[in-house]
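Sharing a structure here in structure tokens format.
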Amino acid sequence: MNWHSMTADEVLSKLDSNHEGISSKQAKERLSQQGPNQLESPTKPSPLRIFIGKFKDYMVLVLIFAAIISFIAGETTNAYVILGIVVLVAIIGFVQEYKAEKAMEALREMVAPEADVIRDGRLSTIPAAELVFGDVIFLEAGDKVPADGRILEESSLQVIESSLTGESQAVEKMALPLPERLALADRKNMVFMGTIISQGNCRAVVTATGRGTELGMISGLMKQEQAEPPLKIKLQQLAKRQAILVLVISAAVFILMFSRGLPVVDALIASIALAVAGIPEALPFIVTLALAFGTQAMAKKNAIIRRLPEVETLGSTTVICTDKTGTLTTGEMTLREIRTYRKIDVTGAGYDPSGQFISNGSRLDPAERDLARILKIGVHANNSAMERGNDGWRVVGDPTEGALIVAAKKAGILDRIKESNNRLVEFPFDSERMRMTTVDEAGGEGYTVSMKGAPEVVLSHCTKIMRPNGTRPISDQDKRSILAEADQMAENALRVLALAWKPISINDLAEADSIDSMESGLIFAGLTGMMDPPRKEVPEAIRISKMAGIRTVMITGDHRLTARAIGKELGIGNGEVIEGAELDRMSAEDLCEHIDEVSVFARVTAEHKVRIVEALKAKGHIVAMTGDGVNDAPALTAADIGVAMGRTGTEVTKEASDVVIADDNFATIVSAIEEGRRIFDNIRKGTSYLLSVSFAELATIFFALALGFPLPLLAAQILWINVVAEEFPAIGLALEPSHSDIMKRKPRDPREPMPSRTLMIYTLGTAAAIVAGTLGLYITTLQSNADVSYARTVAFVGLGFFTVYNAYSSRSLQESVFSMDPWGNKTLLMGIGLSILAILAVVYIPFMQFIFETRPLTIESWALILATGLLVLLAAEIMKKLLSKWR
Ligand code: ATP
């Protein structure tokens with residue numbers, strides 16, 4: 001269909017739609033006919049697939065092999081035990097993976113793209129996957145086009161279509177029909193899925209979705225792969241290295257048993273069981289589980305992880321570079337002060353439109369010339385609107401503009417200005433231009449140009465100034481004193497905008513051939529000062545980050561003095577500020593030299609952000625950088641952690657980010673870092689725990705045989721501890737809540753190996769204590785009681801209990817078990833409870849006694865086990881003390 005050669009109305013009628021879009025009912029019908037607006041349906045592994053997948057695991061295959069050997073050798077009981085254990089392994093593995101997959105799915109849904117669409121005549125935001133043909137969508141700078149569409153109307157629209165056409169320059173778009181035979185790149189009245197709006201805005205009607213779009217037709221080749229977390233890869237390698245060690249020891253055990261004249265099959269099965277036990281198979285899982293649960297917990301706290309591997313980096317952050325407006329501050333702006341040729345105070349709070357204008361102690365009539373002009377410019381050069389919600393008044397759109405609308409409402413003139421106004425042209429605001437200009441046809445007044453923006457920028461476009469008795473040319477002295485006034489306001493932490501205007505005749509309008517002629521020769525009307533109070537949770541978050549060795553750097557487009565005042569209030573930096581213009585004059589080396597002394601950057605643009613990130617990285621920092629604007633994407637990509645704002649952020653910034661902060665709040669970034677540290681900590685704990693148990697099992701068997709004693713644990717017993725006693729608490733460890741010292745430690749060096757040297761020493765130390773305890777129990781019992789099965793039971797219970805205890809103690813690798821909150825991790829307690837029950841079941845349920853060849857224990861043996869347990873406990877405590885000394 002040649003949508004581009006039809007008029008907008010023809011397209012709409014062909015698609016059975018109109019300028020107000022379609023109804024939700026029509027949308028539902030169309031969605032069920034054409035399917036979701038997705039390039040490919042994401043592959044979700046079905047629960048059955050996950051379960052069957054478990055039988056392909058290395059461990060399960062080895063166990064099945066062991067079962068077959070048992071069958072062949074006629075040891076059917078043993079074979080059934082092993083098969084039973086295979087099923088258990090598969091079930092536990094399935095539960096772990098299924099839970100992780102569910103959490104991941106929830107995460108994927110959270111980061112799914114959205115679209116602004118007009119349905120039932122109202123603008124609403126829906127998941128982009130639900131778009132159908134005929135939907136009228138609204139697109140603006142920073143949006144990623146969610147489907148193909150024909151433009152109905154546009155304002156200064158420019159689109160980057162490089163993903164489709166290879167052309168990196170932005171293309172100017174239009175709404176008029178075009179000739180029929182045109183290449184894709186020349187269809188300037190169409191927007192295409194996956195391209196990016198770089199400037200302006202438009203309404204478009206959706207002409208194709210999903211695979212029917214231009215992108216859909218070529219997208220077979222483009223698959224998005226989620227990289228594996230580097231940590232997971234490191235741990236997989238660790239498990240492989242461990243496998244070699246295990247093979248050597250298992251072979252040694254086999255030879256030892258064989259040389260003692262034990263049956264080959266028994267020796268083979270025992271060494272296979274050992275091989276299974278010795279490999280910490282659950283390791284990569286612990287990573288997935290800790291990441292999955294951790295990111296879910298983060299999402300609950302409003303931080304949504306887009307790239308999983310970066311969670312590791314998050315915990316190592318040393319600098320957070322943050323925007324000011326809306327992130328450190330509430331972004332709820334209230335106009336406080338107006339300065340024309342006199343000072344006018346504005347009363348009232350928030351967006352509630354009640355308040356007064358006071359000058360020299362008396363109330364002003366809003367119709368007074370200077371005030372009325374300021375308010376009028378503020379409403380003209382404005383794209384925001386006020387709405388009354390259930391919980392009071394709200395502003396839709398930019399809060400800076402909202403403050404001006406609210407002020408006009410306070411004066412009671414908002415509706416009148418809006419009704420009589422007809423906007424002809426808009427030159428939109430962006431952080432580079434630092435101004436917004438409109439041309440309007442205002443009832444009774446003819447045509448006017450209205451500009452608002454940063455004072456120095458607006459003043460540079462003014463040639464006249466309003467005075468009480470008319471206008472006169474503006475002098476340099478005037479400009480200097482206005483800027484001094486703006487500084488004074490900024491020092492009081494006010495956000496200052498200047499407003500200017502000029503009347504323009506219809507002839508001038510027709511002849512004006514560029515933005516420049518429209519934006520020149522303006523009359524300066526006055527300054528407005530807005531209050532944007534800091535968020536109340538921010539000072540505490542900054543204090544916590546300081547303690548955690550993380551520096552906060554404020555990067556703002558706002559005025560240097562406003563930035564400094566807010567910085568002072570929040571405890572950021574030492575009062576020194578670098579401005580964008582100064583940055584331009586600095587070389588990369590200069591910047592690097594100063595970067596550690598300056599924590600506030602003002603009047604900066606997106607390009608400066610990239611330079612700041614680079615300088616910080618050159619100094620060895622791990623940098624998290626926030627962004628919301630369309631131009632912020634390069635800075636977010638350059639940073640180690642790109643943080644996009646969920647509310648004010650554009651789709652493009654979100655796509656370039658690693659983390660999306662749903663509430664735009666700085667404090668959320670700090671709590672995400674804390675969560676990142678917790679996740680990493682839990683992975684360390686899980687690794688240490690699983691490795692120490694594996695080492696302990698290997699060493700116990702090996703040393704017992706080497707010292708000439710009979711096999712201390714039977715194959716089934718080893719497997720039972722490995723599969724049941726060990727695995728349940730591992731899930732709990734992945735969920736351990738953060739301990740009080742987590743934000744008191746310095747950031748972790750991301751180059752540190754995993755496991756680190758200290759962690760390895762701790763792990764081997766605890767393993768040694770467990771081995772000594774288990775062997776000690778086994779040998780003492782053997783010597784006092786001739787029954788090997790009894791001694792094995794003591795060793796089995798001892799090893800099981802020490803393992804369980806080790807899980808509990810691993811909750812913190814720094815803190816003593818006595819200072820931890822005993823109820824702090826209920827899942828772990830449940831896991832420990834299950835493990836203990838499983839161990840007791842083997843010892844006391846008659847039919848299990850038969851299978852596992854165990855005997856019920858006497859009180860004396862229990863006392864011995866518990867007393868040895870105390871020694872193991874003591875050893876772990878000493879290791880913790882030593883470890884904290886070494887770090
Ligand atoms: P931050 O970068 O911390 O979010 P910011 O919002 O002040 O701070 P920008 O949005 O880049 O940064 O704004 C830069 C300057 O442009 C502001 O200080 C203000 O003077 C001016 N400005 C901001 N919003 C508007 C707007 N909607 N219309 C006109 N001028 C604006």
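Whatever order the structure lists them in is the order used to number ligands and atoms, beginning at 1. Only a predicted model underlies this, so the values are computations on that prediction, with no experimental measurement involved.
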Proximal atoms of ligand 1 relative to G453 (non-hydrogen, under 4.0 Å):
29 (C), 30 (N)
Starting from atom 16 (O) of ligand 1, what is the nearest protein heavy atom, named by residue and atom, and what distance separates them?
F429 CE1, 3.4 Å
Close-contact set for ligand 1 against L497 heavy atoms, below 4.0 Å
19 (C), 20 (O), 21 (C), 22 (N), 30 (N), 31 (C)
Pick one of side chain, backbone, both or neither for how E401 approaches ligand 1, counting any non-hydrogen atom pair under 4.0 Å.
side chain
Of all the atoms in ligand 1, which lie at a distance below 4.0 Å from a heavy atom belonging to R603?
15 (C), 17 (C), 18 (O), 20 (O)
Counting only N and O atoms by type, is there a donor-acceptor contact under 3.5 Å from the side chain of R560 to the main-chain atoms of R603?
no
The salt bridge (charged side-chain N to carboxylate O under 4.0 Å, His left out) partner of D370 among R339, K343, K376, R342 is R342
As a quick check of understanding, evaluate side chain to side chain contact (heavy atoms under 4.5 Å, CB included) for H594 and E582, giving each step before the final call.
CA-CA 12 Å; H594 289 94; E582 289 167 62; over 6 Å; no
If only side-chain N and O atoms count, and only distance matters, is there a donor-acceptor pair under 3.5 Å linking H608 with D584?
yes
Enumerate the atoms of ligand 1 whose separation from the nearest heavy atom of D323 is less than 4.0 angstrom.
2 (O), 3 (O)
of all protein heavy atoms, closest to atom 28 (N) of ligand 1 is K452 NZ, 2.9 Å
Side-chain donor or acceptor of D632 paired with backbone N/O of A606 under 3.5 Å:
no
Flag D628 as yes when one of its N or O atoms lies below 3.5 Å from any N or O atom of ligand 1, and as no otherwise.
no
Electrostatic pair K609-D323, nearest N-O below 4.0 angstrom:
yes
Which is it for V496 and ligand 1 at heavy atoms under 4.0 Å: side chain, backbone, both or neither?
backbone
Per-atom contacts, ligand 1 versus K324 - under 4.0 Å to a heavy atom:
1 (P), 3 (O)
Out of R495, M434, M645, who gets a non-hydrogen atom closest to atom 23 (C) of ligand 1?
R495
Kindly say whether T318 contributes a backbone atom to a donor-acceptor pair with the side chain of R551 at under 3.5 angstrom?
no
If you count the non-hydrogen atoms of other residues, nucleotides and ligands that lie under 6.0 Å from NZ in K301, is the total more than 12?
yes
Under 4.0 Å, heavy-atom basis, I'd like to know which part of T325 is in contact with ligand 1: side chain, backbone, both or neither.
both
Side chains of D640 and T313 only: does a donor on one sit below 3.5 Å from an acceptor on the other?
no
Where is the nearest protein heavy atom to atom 2 (O) of ligand 1: which residue, which atom, and how far?
G557 N, 3.0 Å
Report, in ascending order of atom number, the atoms of ligand 1 lying under 4.0 Å from any heavy atom of S431.
9 (P), 10 (O), 11 (O)
